[in-house]
Number of protein chains: 2
Amino acid sequence: MTLRYGLLGLLAEGPASGYDITKRFQETLAAVWPASHPQIYRELSRLSEDGLIEVHTTGPRGRKEYKITDSGLKEVKNWLANSSVDHIIRSESLIRSFFFWLIEPEEVLKHLQAEEKYFASQATFYEGYAAAKDRGEFGTSKQTESARITVEAAARLNRSLAEWAKWSQEKLNHK
Amino acid sequence: MTLRYGLLGLLAEGPASGYDITKRFQETLAAVWPASHPQIYRELSRLSEDGLIEVHTTGPRGRKEYKITDSGLKEVKNWLANSSVDHIIRSESLIRSFFFWLIEPEEVLKHLQAEEKYFASQATFYEGYAAAKDRGEFGTSKQTESARITVEAAARLNRSLAEWAKWSQEKLNHK
DNA sequence: AAGCGCATGTAAAGGGTTACATGATTGC
DNA sequence: GCAATCATGTAACCCTTTACATGCGCTT
(Lines give C-alpha, C1' and ligand atoms only; values in the text may rest on other atoms or scores of the structure.)
Protein backbone atom coordinates (compact mmCIF):
# COMPACT_ATOMS: atom_id res chain seq x y z
CA MET A 1 0.00 0.00 0.00
CA THR A 2 2.94 2.32 0.51
CA LEU A 3 3.41 3.06 -3.17
CA ARG A 4 -0.28 3.96 -3.35
CA TYR A 5 0.11 6.58 -0.63
CA GLY A 6 3.36 7.81 -2.11
CA LEU A 7 1.56 8.55 -5.37
CA LEU A 8 -1.32 10.25 -3.61
CA GLY A 9 1.17 12.33 -1.65
CA LEU A 10 2.94 13.50 -4.77
CA LEU A 11 -0.36 14.29 -6.48
CA ALA A 12 -1.38 16.31 -3.43
CA GLU A 13 1.23 18.86 -4.55
CA GLY A 14 -0.53 19.32 -7.88
CA PRO A 15 -1.62 17.53 -11.06
CA ALA A 16 0.93 15.35 -12.82
CA SER A 17 1.16 12.57 -15.37
CA GLY A 18 2.51 9.07 -14.84
CA TYR A 19 5.67 10.14 -16.56
CA ASP A 20 6.12 13.19 -14.33
CA ILE A 21 5.54 11.13 -11.22
CA THR A 22 7.96 8.47 -12.34
CA LYS A 23 10.65 11.12 -12.69
CA ARG A 24 9.71 12.71 -9.40
CA PHE A 25 9.93 9.34 -7.68
CA GLN A 26 13.35 8.71 -9.19
CA GLU A 27 14.61 12.13 -8.08
CA THR A 28 13.21 12.37 -4.61
CA LEU A 29 11.89 9.11 -3.23
CA ALA A 30 14.11 6.48 -4.81
CA ALA A 31 16.41 6.66 -1.80
CA VAL A 32 13.68 5.57 0.60
CA TRP A 33 11.20 3.75 -1.66
CA PRO A 34 12.18 2.79 -5.21
CA ALA A 35 9.44 2.35 -7.82
CA SER A 36 9.57 1.51 -11.51
CA HIS A 37 7.32 2.97 -14.17
CA PRO A 38 5.15 -0.10 -14.86
CA GLN A 39 4.35 -0.24 -11.19
CA ILE A 40 3.46 3.43 -11.11
CA TYR A 41 1.21 3.29 -14.18
CA ARG A 42 -0.64 0.31 -12.82
CA GLU A 43 -1.18 1.88 -9.43
CA LEU A 44 -2.39 5.11 -11.04
CA SER A 45 -5.03 3.11 -12.95
CA ARG A 46 -6.21 1.53 -9.74
CA LEU A 47 -6.29 4.82 -7.89
CA SER A 48 -8.36 6.23 -10.73
CA GLU A 49 -10.75 3.25 -10.64
CA ASP A 50 -11.15 3.75 -6.91
CA GLY A 51 -11.94 7.43 -7.35
CA LEU A 52 -8.95 8.66 -5.34
CA ILE A 53 -7.52 10.45 -8.36
CA GLU A 54 -9.04 11.50 -11.69
CA VAL A 55 -7.85 12.52 -15.15
CA HIS A 56 -7.44 16.27 -15.11
CA THR A 57 -6.28 17.03 -18.65
CA THR A 58 -5.01 15.05 -21.59
CA GLY A 59 -2.05 16.31 -23.56
CA PRO A 60 -0.04 15.35 -26.65
CA ARG A 61 1.09 11.74 -27.11
CA GLY A 62 -1.73 10.42 -24.97
CA ARG A 63 -0.38 12.21 -21.91
CA LYS A 64 -2.83 12.00 -19.03
CA GLU A 65 -2.53 14.40 -16.16
CA TYR A 66 -4.02 13.10 -12.95
CA LYS A 67 -5.43 15.20 -10.17
CA ILE A 68 -6.11 14.08 -6.62
CA THR A 69 -9.76 14.00 -5.52
CA ASP A 70 -11.16 14.99 -2.13
CA SER A 71 -11.44 11.39 -1.04
CA GLY A 72 -7.89 10.78 -2.22
CA LEU A 73 -6.58 13.64 -0.11
CA LYS A 74 -8.54 12.38 2.87
CA GLU A 75 -7.03 8.94 2.34
CA VAL A 76 -3.37 10.08 2.43
CA LYS A 77 -3.93 12.29 5.42
CA ASN A 78 -5.56 9.45 7.25
CA TRP A 79 -2.65 7.18 6.39
CA LEU A 80 -0.21 9.71 7.76
CA ALA A 81 -2.09 10.51 10.93
CA ASN A 82 -3.76 7.26 11.94
CA SER A 83 -2.14 4.16 10.50
CA SER A 84 0.63 2.27 12.20
CA VAL A 85 4.09 2.43 10.72
CA ASP A 86 5.68 -0.58 9.08
CA HIS A 87 9.25 -0.61 10.36
CA ILE A 88 10.57 -3.40 8.18
CA ILE A 89 13.93 -2.67 6.62
CA ARG A 90 15.77 -4.98 4.22
CA SER A 91 19.42 -4.43 3.55
CA GLU A 92 21.49 -6.79 1.48
CA SER A 93 24.54 -4.93 2.60
CA LEU A 94 23.88 -5.86 6.22
CA ILE A 95 22.82 -9.46 5.73
CA ARG A 96 26.09 -10.02 3.92
CA SER A 97 28.02 -8.98 7.00
CA PHE A 98 26.47 -11.84 8.96
CA PHE A 99 28.34 -14.25 6.70
CA PHE A 100 31.73 -12.59 6.58
CA TRP A 101 33.24 -15.51 8.46
CA LEU A 102 32.84 -17.59 5.28
CA ILE A 103 35.44 -15.68 3.32
CA GLU A 104 39.02 -14.58 3.88
CA PRO A 105 39.69 -11.49 6.04
CA GLU A 106 41.41 -9.77 3.12
CA GLU A 107 38.31 -10.20 1.01
CA VAL A 108 36.14 -8.85 3.82
CA LEU A 109 38.39 -5.81 4.13
CA LYS A 110 38.27 -5.19 0.40
CA HIS A 111 34.50 -5.46 0.51
CA LEU A 112 34.16 -3.15 3.50
CA GLN A 113 36.38 -0.55 1.89
CA ALA A 114 34.09 -0.46 -1.13
CA GLU A 115 31.04 -0.27 1.10
CA GLU A 116 32.50 2.59 3.10
CA LYS A 117 33.26 4.46 -0.09
CA TYR A 118 29.76 3.93 -1.43
CA PHE A 119 27.95 4.99 1.73
CA ALA A 120 30.25 7.96 2.26
CA SER A 121 29.63 9.26 -1.25
CA GLN A 122 25.89 8.88 -0.78
CA ALA A 123 26.09 10.65 2.56
CA THR A 124 28.11 13.48 1.07
CA PHE A 125 25.56 13.86 -1.68
CA TYR A 126 22.62 14.12 0.73
CA GLU A 127 24.54 16.38 3.08
CA GLY A 128 25.20 18.74 0.20
CA TYR A 129 21.57 18.64 -0.78
CA ALA A 130 20.56 19.43 2.79
CA ALA A 131 22.98 22.35 2.92
CA ALA A 132 21.55 23.73 -0.34
CA LYS A 133 18.06 23.50 1.10
CA ASP A 134 19.23 25.32 4.20
CA ARG A 135 20.63 28.09 2.03
CA GLY A 136 17.13 28.43 0.63
CA GLU A 137 17.94 27.20 -2.85
CA PHE A 138 14.67 25.31 -3.07
CA GLY A 139 12.40 27.95 -1.61
CA THR A 140 10.64 27.81 1.72
CA SER A 141 7.42 26.00 0.98
CA LYS A 142 5.95 23.45 3.37
CA GLN A 143 6.85 20.72 0.91
CA THR A 144 10.48 21.80 0.90
CA GLU A 145 10.57 21.71 4.69
CA SER A 146 9.27 18.15 4.75
CA ALA A 147 11.70 17.10 2.04
CA ARG A 148 14.47 18.63 4.16
CA ILE A 149 13.59 16.22 6.95
CA THR A 150 13.62 13.22 4.60
CA VAL A 151 16.99 14.26 3.20
CA GLU A 152 18.34 14.56 6.72
CA ALA A 153 17.38 10.95 7.33
CA ALA A 154 19.01 9.78 4.11
CA ALA A 155 22.17 11.67 5.02
CA ARG A 156 22.28 10.28 8.54
CA LEU A 157 21.58 6.72 7.46
CA ASN A 158 24.30 6.70 4.85
CA ARG A 159 26.77 8.46 7.08
CA SER A 160 26.22 5.99 9.88
CA LEU A 161 26.63 3.05 7.51
CA ALA A 162 29.87 4.54 6.22
CA GLU A 163 31.08 4.83 9.81
CA TRP A 164 29.97 1.30 10.50
CA ALA A 165 31.99 0.02 7.55
CA LYS A 166 35.01 1.91 8.83
CA TRP A 167 34.53 0.63 12.38
CA SER A 168 34.27 -2.92 11.05
CA GLN A 169 37.56 -2.63 9.21
CA GLU A 170 39.30 -1.40 12.35
CA LYS A 171 37.70 -4.18 14.35
CA LEU A 172 39.05 -6.75 11.90
CA ASN A 173 42.53 -5.22 11.86
CA HIS A 174 42.98 -5.02 15.63
CA LYS A 175 42.71 -8.73 16.32
CA MET B 1 18.32 -14.19 -4.65
CA THR B 2 19.27 -12.79 -1.27
CA LEU B 3 17.09 -15.18 0.70
CA ARG B 4 18.73 -18.03 -1.20
CA TYR B 5 22.19 -16.96 -0.08
CA GLY B 6 20.97 -16.28 3.42
CA LEU B 7 19.78 -19.87 3.70
CA LEU B 8 23.02 -21.22 2.27
CA GLY B 9 24.94 -19.07 4.73
CA LEU B 10 23.01 -20.39 7.71
CA LEU B 11 23.43 -23.97 6.50
CA ALA B 12 27.15 -23.38 6.16
CA GLU B 13 27.25 -23.35 9.98
CA GLY B 14 25.84 -26.86 10.12
CA PRO B 15 22.83 -29.01 9.18
CA ALA B 16 19.39 -27.71 10.07
CA SER B 17 15.73 -28.22 9.22
CA GLY B 18 13.37 -25.68 7.70
CA TYR B 19 11.92 -25.17 11.13
CA ASP B 20 15.32 -24.52 12.70
CA ILE B 21 16.25 -22.08 9.99
CA THR B 22 12.97 -20.24 10.27
CA LYS B 23 13.64 -19.70 13.96
CA ARG B 24 17.23 -18.71 13.31
CA PHE B 25 16.09 -16.19 10.73
CA GLN B 26 13.58 -14.74 13.15
CA GLU B 27 16.18 -14.46 15.90
CA THR B 28 19.14 -13.16 14.01
CA LEU B 29 18.37 -11.88 10.53
CA ALA B 30 14.85 -10.49 10.84
CA ALA B 31 16.33 -7.06 11.60
CA VAL B 32 18.09 -6.90 8.25
CA TRP B 33 16.14 -9.35 6.08
CA PRO B 34 12.77 -10.72 7.25
CA ALA B 35 11.57 -14.06 5.87
CA SER B 36 8.45 -16.09 6.55
CA HIS B 37 8.30 -19.85 6.79
CA PRO B 38 6.46 -20.56 3.52
CA GLN B 39 9.12 -18.62 1.72
CA ILE B 40 11.88 -20.50 3.48
CA TYR B 41 10.42 -23.94 2.81
CA ARG B 42 9.93 -23.08 -0.84
CA GLU B 43 13.48 -21.85 -1.25
CA LEU B 44 14.88 -24.91 0.53
CA SER B 45 13.08 -27.15 -1.98
CA ARG B 46 14.60 -25.20 -4.84
CA LEU B 47 18.07 -25.29 -3.34
CA SER B 48 17.70 -29.02 -2.95
CA GLU B 49 16.56 -29.42 -6.56
CA ASP B 50 19.57 -27.42 -7.69
CA GLY B 51 21.94 -29.58 -5.69
CA LEU B 52 23.19 -26.76 -3.47
CA ILE B 53 21.87 -28.49 -0.36
CA GLU B 54 20.76 -32.07 0.34
CA VAL B 55 18.71 -33.94 2.91
CA HIS B 56 21.10 -35.04 5.63
CA THR B 57 18.82 -36.92 8.04
CA THR B 58 15.10 -37.29 8.54
CA GLY B 59 13.67 -37.10 12.04
CA PRO B 60 10.30 -37.45 13.80
CA ARG B 61 7.24 -35.63 12.38
CA GLY B 62 8.70 -35.62 8.90
CA ARG B 63 11.55 -33.41 10.01
CA LYS B 64 14.12 -33.03 7.27
CA GLU B 65 17.59 -31.82 8.11
CA TYR B 66 19.37 -30.21 5.22
CA LYS B 67 23.10 -30.08 4.75
CA ILE B 68 24.98 -27.77 2.44
CA THR B 69 26.85 -29.39 -0.47
CA ASP B 70 30.25 -28.46 -1.84
CA SER B 71 28.71 -26.57 -4.73
CA GLY B 72 26.38 -24.80 -2.31
CA LEU B 73 29.29 -23.63 -0.22
CA LYS B 74 31.12 -22.47 -3.32
CA GLU B 75 28.01 -20.55 -4.36
CA VAL B 76 27.67 -18.51 -1.12
CA LYS B 77 31.35 -17.75 -0.98
CA ASN B 78 31.26 -16.56 -4.55
CA TRP B 79 28.25 -14.37 -3.77
CA LEU B 80 30.08 -12.81 -0.86
CA ALA B 81 33.37 -12.26 -2.62
CA ASN B 82 32.48 -11.48 -6.21
CA SER B 83 28.93 -10.23 -6.68
CA SER B 84 27.97 -6.59 -6.56
CA VAL B 85 25.98 -5.35 -3.60
CA ASP B 86 22.37 -4.29 -3.97
CA HIS B 87 22.11 -1.09 -1.92
CA ILE B 88 18.37 -0.64 -2.16
CA ILE B 89 16.72 0.21 1.14
CA ARG B 90 12.98 0.67 1.58
CA SER B 91 11.69 2.47 4.62
CA GLU B 92 8.07 3.34 5.10
CA SER B 93 9.10 5.41 8.07
CA LEU B 94 11.18 7.70 5.87
CA ILE B 95 8.81 8.01 2.92
CA ARG B 96 6.16 9.18 5.37
CA SER B 97 8.35 12.09 6.41
CA PHE B 98 8.31 13.41 2.86
CA PHE B 99 4.58 14.05 3.25
CA PHE B 100 4.51 15.60 6.71
CA TRP B 101 3.39 18.91 5.21
CA LEU B 102 0.00 17.31 4.56
CA ILE B 103 -0.91 17.03 8.23
CA GLU B 104 -0.95 19.34 11.22
CA PRO B 105 2.35 20.04 13.04
CA GLU B 106 0.91 18.62 16.26
CA GLU B 107 0.19 15.36 14.51
CA VAL B 108 3.67 15.28 13.03
CA LEU B 109 5.16 15.83 16.48
CA LYS B 110 3.06 13.06 17.97
CA HIS B 111 4.14 10.76 15.19
CA LEU B 112 7.82 11.65 15.53
CA GLN B 113 7.71 11.09 19.27
CA ALA B 114 6.43 7.57 18.70
CA GLU B 115 9.06 6.97 16.05
CA GLU B 116 11.82 8.18 18.30
CA LYS B 117 10.63 5.88 21.05
CA TYR B 118 10.47 2.92 18.72
CA PHE B 119 13.91 3.42 17.20
CA ALA B 120 15.49 4.19 20.56
CA SER B 121 14.14 0.99 22.10
CA GLN B 122 15.40 -1.03 19.14
CA ALA B 123 18.77 0.66 19.39
CA THR B 124 18.99 -0.05 23.10
CA PHE B 125 18.16 -3.67 22.46
CA TYR B 126 20.91 -4.12 19.87
CA GLU B 127 23.40 -2.14 21.92
CA GLY B 128 22.77 -4.47 24.85
CA TYR B 129 23.18 -7.45 22.60
CA ALA B 130 26.46 -6.05 21.32
CA ALA B 131 27.71 -5.47 24.87
CA ALA B 132 26.83 -9.05 25.81
CA LYS B 133 28.77 -10.30 22.81
CA ASP B 134 31.73 -8.16 23.84
CA ARG B 135 31.61 -9.72 27.30
CA GLY B 136 31.99 -13.05 25.56
CA GLU B 137 28.54 -14.36 26.40
CA PHE B 138 28.20 -15.95 22.98
CA GLY B 139 31.67 -17.44 22.71
CA THR B 140 34.42 -16.36 20.38
CA SER B 141 33.72 -18.29 17.20
CA LYS B 142 34.16 -16.73 13.78
CA GLN B 143 30.41 -16.75 13.35
CA THR B 144 29.94 -14.78 16.56
CA GLU B 145 32.45 -12.20 15.39
CA SER B 146 30.57 -11.69 12.13
CA ALA B 147 27.27 -11.49 13.95
CA ARG B 148 28.82 -8.85 16.20
CA ILE B 149 29.44 -6.71 13.14
CA THR B 150 25.87 -7.12 11.92
CA VAL B 151 24.51 -6.23 15.35
CA GLU B 152 26.67 -3.13 15.38
CA ALA B 153 25.03 -2.02 12.14
CA ALA B 154 21.54 -2.66 13.50
CA ALA B 155 22.38 -0.67 16.62
CA ARG B 156 23.85 2.23 14.69
CA LEU B 157 21.01 2.37 12.20
CA ASN B 158 18.33 2.45 14.85
CA ARG B 159 20.25 4.89 17.01
CA SER B 160 20.70 7.29 14.12
CA LEU B 161 17.02 7.07 13.21
CA ALA B 162 16.08 7.79 16.82
CA GLU B 163 18.34 10.84 16.72
CA TRP B 164 16.86 11.88 13.42
CA ALA B 165 13.36 11.74 14.89
CA LYS B 166 14.53 13.87 17.80
CA TRP B 167 16.25 16.36 15.52
CA SER B 168 13.11 16.64 13.40
CA GLN B 169 10.98 17.46 16.41
CA GLU B 170 13.39 20.21 17.44
CA LYS B 171 13.45 21.53 13.90
CA LEU B 172 9.65 21.74 13.90
CA ASN B 173 9.52 23.42 17.29
CA HIS B 174 12.09 26.12 16.56
CA LYS B 175 10.21 27.77 13.73
C1' DA C 1 13.97 12.26 -42.88
C1' DA C 2 16.11 10.49 -39.10
C1' DG C 3 16.91 10.09 -34.51
C1' DC C 4 16.09 11.19 -29.85
C1' DG C 5 13.34 11.75 -26.04
C1' DC C 6 8.47 11.84 -24.50
C1' DA C 7 4.79 9.01 -22.88
C1' DT C 8 2.15 5.07 -22.10
C1' DG C 9 1.44 0.70 -21.52
C1' DT C 10 1.48 -5.04 -21.47
C1' DA C 11 3.50 -9.57 -20.26
C1' DA C 12 6.01 -12.78 -17.79
C1' DA C 13 8.38 -14.21 -14.03
C1' DG C 14 9.82 -14.02 -9.45
C1' DG C 15 9.63 -12.38 -4.53
C1' DG C 16 6.94 -12.01 -0.37
C1' DT C 17 2.73 -12.15 2.81
C1' DT C 18 -1.31 -14.16 4.83
C1' DA C 19 -4.45 -17.64 5.54
C1' DC C 20 -5.40 -22.33 5.53
C1' DA C 21 -4.38 -27.17 6.54
C1' DT C 22 -2.56 -31.27 8.67
C1' DG C 23 -0.51 -34.48 11.57
C1' DA C 24 3.03 -36.00 15.20
C1' DT C 25 5.10 -35.70 19.68
C1' DT C 26 5.83 -34.06 24.26
C1' DG C 27 4.55 -32.60 28.75
C1' DC C 28 1.09 -32.18 32.10
C1' DG D 1 -6.60 -37.56 27.53
C1' DC D 2 -5.61 -32.80 26.26
C1' DA D 3 -3.13 -28.87 25.07
C1' DA D 4 0.82 -26.86 23.41
C1' DT D 5 4.39 -27.02 20.41
C1' DC D 6 6.93 -29.17 16.69
C1' DA D 7 7.16 -29.49 11.79
C1' DT D 8 5.87 -29.22 7.16
C1' DG D 9 3.57 -27.72 3.60
C1' DT D 10 -0.21 -25.55 -0.06
C1' DA D 11 -2.99 -21.78 -2.07
C1' DA D 12 -4.17 -17.31 -3.15
C1' DC D 13 -2.96 -12.97 -3.55
C1' DC D 14 -0.26 -8.85 -4.05
C1' DC D 15 4.18 -6.43 -4.90
C1' DT D 16 8.17 -5.77 -7.73
C1' DT D 17 11.34 -6.29 -11.57
C1' DT D 18 12.69 -6.84 -16.31
C1' DA D 19 11.84 -7.13 -20.93
C1' DC D 20 9.04 -6.06 -24.68
C1' DA D 21 6.17 -2.94 -27.48
C1' DT D 22 4.34 1.14 -29.59
C1' DG D 23 3.66 5.62 -31.33
C1' DC D 24 3.97 10.71 -31.11
C1' DG D 25 6.50 15.22 -31.35
C1' DC D 26 10.49 17.93 -31.62
C1' DT D 27 14.92 19.10 -33.26
C1' DT D 28 18.55 18.97 -36.57
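Naming: A, B, ... by sequence-line order, numbering from 1 per chain. Heavy-atom basis, side chains included; hydrogens, waters and symmetry copies ignored. Given the structure is predicted, the values throughout are model-derived calculations rather than measurements.
- The separation between A:L29 atom CG and D:dT16 atom P is 14 Å, rounded to whole Å.
- Identified under the salt bridge (charged side-chain N to carboxylate O under 4.0 Å, His left out) test for residues 67-91 of chain B, with sequence neighbours left out: none.
- Among the protein residues, B:T22 comes within range of no part of the nucleic acid, since none of its heavy atoms lies under 4.0 Å from any strand.
- For A:Y118, the side-chain contact (heavy atoms from CB on, under 4.5 Å) partners two or more places apart in sequence, or in a different chain, are A:Q122, B:H87.
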Distances under 3.5 Å between protein N/O atoms and the N/O atoms of nucleotides 16-18 of chain C, please, pair by pair.
residue	atom	partner	partner atom	Å
C:dG16	OP2	B:Q39	NE2	2.7
C:dG16	O5'	B:Q39	NE2	3.3
C:dG16	O3'	A:R90	NH2	3.3
C:dG16	N7	B:R42	NH2	3.0
C:dT17	OP1	A:R90	NH2	3.4
C:dT17	OP2	B:Q39	OE1	3.2

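- Atom OH in A:Y66 sits about 12 Å away from atom C1' in C:dA7, given to the nearest Å.
- Salt bridge A:R156/A:E152: present, at least one basic N to carboxylate O contact under 4.0 Å.
- Here D:dA7 presents its C1' atom at 13 Å from CD1 of B:I40, a figure rounded to the nearest Å.
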Pairs under 3.5 Å (N/O, protein and nucleotides 24-27 of chain D):
none

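- Pairs of residues two or more places apart, or lying in two chains, that qualify as ring-ring contact (aromatic ring centres under 6.0 Å, His included) and include a residue from residues 133-169 of chain A are A:Y129-A:F138.
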What pairs of donor and acceptor atoms, side-chain ones from residues 22-29 of chain A against any protein atom, are under 3.5 angstrom apart with sequence neighbours left out?
residue	atom	partner	partner atom	Å
A:T22	OG1	A:G18	O	2.7
A:R24	NH1	A:E13	OE1	3.1
A:R24	NH1	A:E13	OE2	3.2
A:T28	OG1	A:R24	O	2.7

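- For B:K166, the side-chain contact (heavy atoms from CB on, under 4.5 Å) criterion is met by B:E116, B:E170, not counting sequence neighbours.
- Residue A:K23 has no polar side-chain atom (N or O) positioned under 4.0 Å from OP1 or OP2 of C:dA7.
- Counting to the nearest Å, the C1' atom of C:dC6 and the CG atom of A:D20 are 10 Å from each other.
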Pairs of donor and acceptor atoms involving the side chains of residues 1-10 of chain B, under 3.5 Å and at least two apart or interchain, shall be tabulated with distances.
residue	atom	partner	partner atom	Å
B:R4	NH1	B:E43	OE2	2.8
B:R4	NH2	B:D50	OD2	2.5

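- Distance B:R63 CZ to C:dT25 P: 13 Å, rounded to the nearest Å.
- Under the rule for a side-chain contact (heavy atoms from CB on, under 4.5 Å), the partners of A:T57 that lie at least two apart in sequence or sit in another chain are A:E65.
- By the salt bridge (charged side-chain N to carboxylate O under 4.0 Å, His left out) test, A:E137 is found to be paired with A:R135, residues two or more places apart in sequence or in another chain being considered.
- The ring-ring contact (aromatic ring centres under 6.0 Å, His included) analysis of residues 93-114 of chain A, with sequence neighbours excluded, yields the pairs A:F100-A:H111.
- For DNA chain D, the residues of residues 44-52 of chain A within the heavy-atom distance limit of 4.0 Å (strictly under) are A:R46, sorted by number.
- In this structure, A:Y41 atom OH and D:dA19 atom P are separated by 19 Å, rounded to whole Å.
- A straight line from CD1 of B:I21 to P of D:dA7 spans 13 Å, rounded to a whole angstrom.
- Phosphate contact (OP1/OP2 of C:dC6, side-chain N/O of A:Y19, threshold under 4.0 Å): present.
- Of all the heavy atoms in A:L112 and A:L172, the pair that sits closest is CD1-CD1, 3.8 Å.
- Rounded to whole Å, atom P of C:dC6 lies 13 Å from atom CD of A:Q26.
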